[in-house]
Amino acid sequence: MPELPEVETIVRGLRENTVGNRIESLTELRNNTIIYHTNQCAEGLVFSSLSRRGKYILINLSDILTMVIHLRMTGKLVYTETEQLTPHTRAVIKFADRTMLQFEDIRTFGSIQIFEANDTDPAIKRLGPEPLTEDFNEKYLYKVLEKAKAPIKSILLNQEIIAGLGNIYVCEILYRTKIHPTLAGKELTRADIIRVITATKEVLAEAILHNGTSISDFRNIDDKPGEFQNFLRVYQKKECPLGHPTERIKIAGRSTYFCPVCQRLK
DNA sequence: ATTGCTTCCTGAGCGC
DNA sequence: TGCGCTCAGGAAGCAA
């Protein structure tokens, strides 16, 4: 479900509402939702600070533990004052002030992991640069693409190359850059690379400004949808903004929307 | 080393 | 109504 802008929206919502909250109980309603990588219990600790890395939510618990949440396709975090269990509620964190955070996940791919404060998920250590920082720049992307035979679409989806992009935003980025999604990475020109960097930063910033994209069930922690779906140009569109019919193809098993007129193979 | 196919799981939407 | 199929904001784990 959520990509970088959606996760960022959730983290901001959590930061406003839960910093300083003490965990009274942490209950798992389905096996393997909460995975402990430490013997230390999270109960009694405080949500000290929150951050995001790629699509991961990182919660610092009293500088003692780190809670790492990944929502995968259908995970949701809902902050409520009363218990509202659904058939898909997988875990509930109750705070000392009687509020609670419910983790719902229809497809059950998501997880909550708990590590020592100085430890983290190995997958996080392998993540590529954050696209909204200076680390994601022309020099870096040129080096990545120089010899890459894979289609640019797959490369941009690879979290070890760039952290946080998913299927929607990669389609949108490629539309804005006029690059065909099947074009091999090494075929991109310097000008293309600069356009990719610029479009990536623009699309993500705009999406964050609109609280993310709700195609079906993304919701902020107060259960409100995002608004960026109103600004998508090709993803799940029949026509691009210029009126050309779009096409849908599969790349690496993922539906890829593009405009065959605006986005040409060289 | 790189690339891509299958898998985890549940539900919605479609054609017949 | 219901069946069977395809599809879904992700990514690990394999196989080639």
Side-chain angles (χ1 to χ4, degrees), chain A residues 1-11 29-33 35 52-57 68-77 86-91 103-113 121-128 131 143-175 181-187 200 203-204 206-208 210-220 225-238 248-257:
Chain A
M1 171 179 72
E3 307 180 33
L4 188 154
E6 291 75 44
V7 177
E8 180 64 26
T9 299
I10 289 167
V11 167
L29 302 182
R30 186 185 204 281
N31 288 344
N32 301 319
T33 297
I35 304 162
R52 178 192 58 72
R53 179 76 175 96
K55 300 172 194 170
Y56 291 84
I57 297 166
V68 177
I69 302 178
H70 198 306
L71 302 171
R72 295 291 178 112
M73 295 286 265
T74 51
K76 285 200 317 194
L77 288 170
T86 75
H88 304 297
T89 306
R90 304 301 183 195
F103 178 61
E104 297 171 20
D105 189 6
I106 294 173
R107 290 172 72 181
T108 75
F109 298 161
S111 65
I112 298 176
Q113 299 184 87
D121 188 327
I124 294 179
K125 295 173 194 154
R126 295 195 302 267
L127 290 175
K143 191 154 176 54
V144 166
L145 297 178
E146 207 174 9
K147 291 170 183 154
K149 293 177 190 158
I152 184 66
K153 168 88 192 298
S154 309
I155 294 170
L156 295 177
L157 279 175
N158 185 338
Q159 303 300 299
E160 298 185 19
I161 292 174
I162 306 163
L165 300 184
N167 206 32
I168 294 179
Y169 294 108
V170 170
C171 289
E172 293 296 312
I173 290 163
L174 291 177
Y175 175 74
T182 63
L183 189 69
K186 62 180 183 177
E187 300 297 328
T200 300
V203 170
L204 295 178
E206 287 171 27
I208 290 171
H210 292 98
N211 300 309
T213 302
S214 295
I215 291 292
S216 60
D217 55 1
F218 164 70
R219 294 295 183 273
N220 197 348
E227 304 93 41
F228 195 67
Q229 62 278 10
N230 301 321
F231 302 90
L232 296 176
R233 298 183 188 176
V234 280
Y235 186 80
Q236 291 189 352
K237 298 292 180 193
K238 291 232 167 11
R248 189 179 77 172
I249 57 173
K250 290 268 185 195
I251 299 177
R254 313 293 304 280
S255 274
T256 304
Y257 294 82

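Every value quoted in this text rests on a predicted model; they were computed, and no experiment measured them.
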Exceeds 12 heavy-atom contacts within 6.0 angstrom, atom NZ of A/Lys143: no
Residues, nucleotides or ligands: over 12 heavy atoms within 6.0 Å of A/Asn32 CG: no
Whole-Å gap separating P (B/dC8) and CG (A/Asn31): 17 Å
Expected output: side-chain A/Thr74 to main-chain A/Asp105 donor-acceptor under 3.5 Å: no
Residue pair A/Glu146 / A/Lys186: nearest heavy atoms and the distance that separates them: O-CB, 3.2 Å
Touch class at under 4.0 angstrom, heavy-atom based, for A/Tyr235 against every strand present: sugar-phosphate
Protein-nucleotide distance (A/Glu160, atom CD; C/dG13, atom P), rounded to Å: 12 Å
Rounded distance (Å) that lies between atom P of C/dG10 and atom CG of A/Asp105: 13 Å
Note, A/Tyr169 side chain near A/Glu6 side chain (heavy atom, < 4.5 Å): yes
Per-pair stack call A/Phe109 and C/dA11, 5.5 Å, 30°: no
Span that lies between the P atom of C/dC5 and that of B/dT7, in whole angstrom: 16 Å
Whole-Å P distance, C/dA11 and B/dG11: 22 Å
Phosphate-side-chain proximity, A/Lys250 and B/dG4, N/O vs OP1/OP2 below 4.0 Å: no
Atom-to-atom span, CD of A/Glu104 to C1' of B/dC9 - whole angstrom: 16 Å
Which nucleotide in C/dA8, B/dT10, C/dG10 has an atom nearest any side-chain atom of A/Tyr257: C/dA8
Under-4.0 Å side-chain N/O to phosphate OP1/OP2 contact, A/Arg248 with C/dC7: yes
A/Ser255 vs C/dA8: side-chain N/O to OP1/OP2 distance below 4.0 Å: yes
Return the polar atom pairs (N/O with N/O) between nucleotides 1-3 of chain B and the protein under 3.5 Å, or none.
from	atom 1	to	atom 2	distance (Å)
B/dT3	OP1	A/Lys149	N	2.8
B/dT3	OP1	A/Ala150	N	2.9

Interatomic distance, A/Gln159 CD vs C/dA12 P [rounded to whole Å]: 8 Å
Atom-pair distance (CG on A/Asn158; C1' on B/dG4), nearest Å: 12 Å
Proximal nucleotide (of C/dA8, B/dC9, C/dG10) relative to the A/Arg254 side chain: C/dG10
Contact summary for A/Ser255 and A/Cys171, nearest pair of heavy atoms: O-SG, 4.3 Å
Any strand: nucleotide that pairs with C/dA8 via Watson-Crick or wobble, under 3.5 Å: B/dT10
Nearest heavy-atom neighbours spanning A/Ile155 and A/Gly185: CD1-CA, 3.8 Å
C/dG10 OP1/OP2 closer than 4.0 Å to side-chain N/O of A/His70: no
Separation of C/dG10 C1' from A/Ile106 CD1 (nearest whole Å): 15 Å
Heavy-atom side-chain proximity of A/Phe228 to A/Pro5 below 4.5 angstrom: no
Nearest-Å distance for atom pair CD1/P, residues A/Ile152 and B/dG4: 13 Å
Minimum-distance nucleotide to A/His88 side chain [options: C/dA12, B/dG4, B/dG11]: B/dG11
Touch class at under 4.0 angstrom, heavy-atom based, for A/Thr108 against every strand present: sugar-phosphate
Sugar-phosphate, base or nothing in reach of A/Gly253, heavy atoms under 4.0 Å: nothing
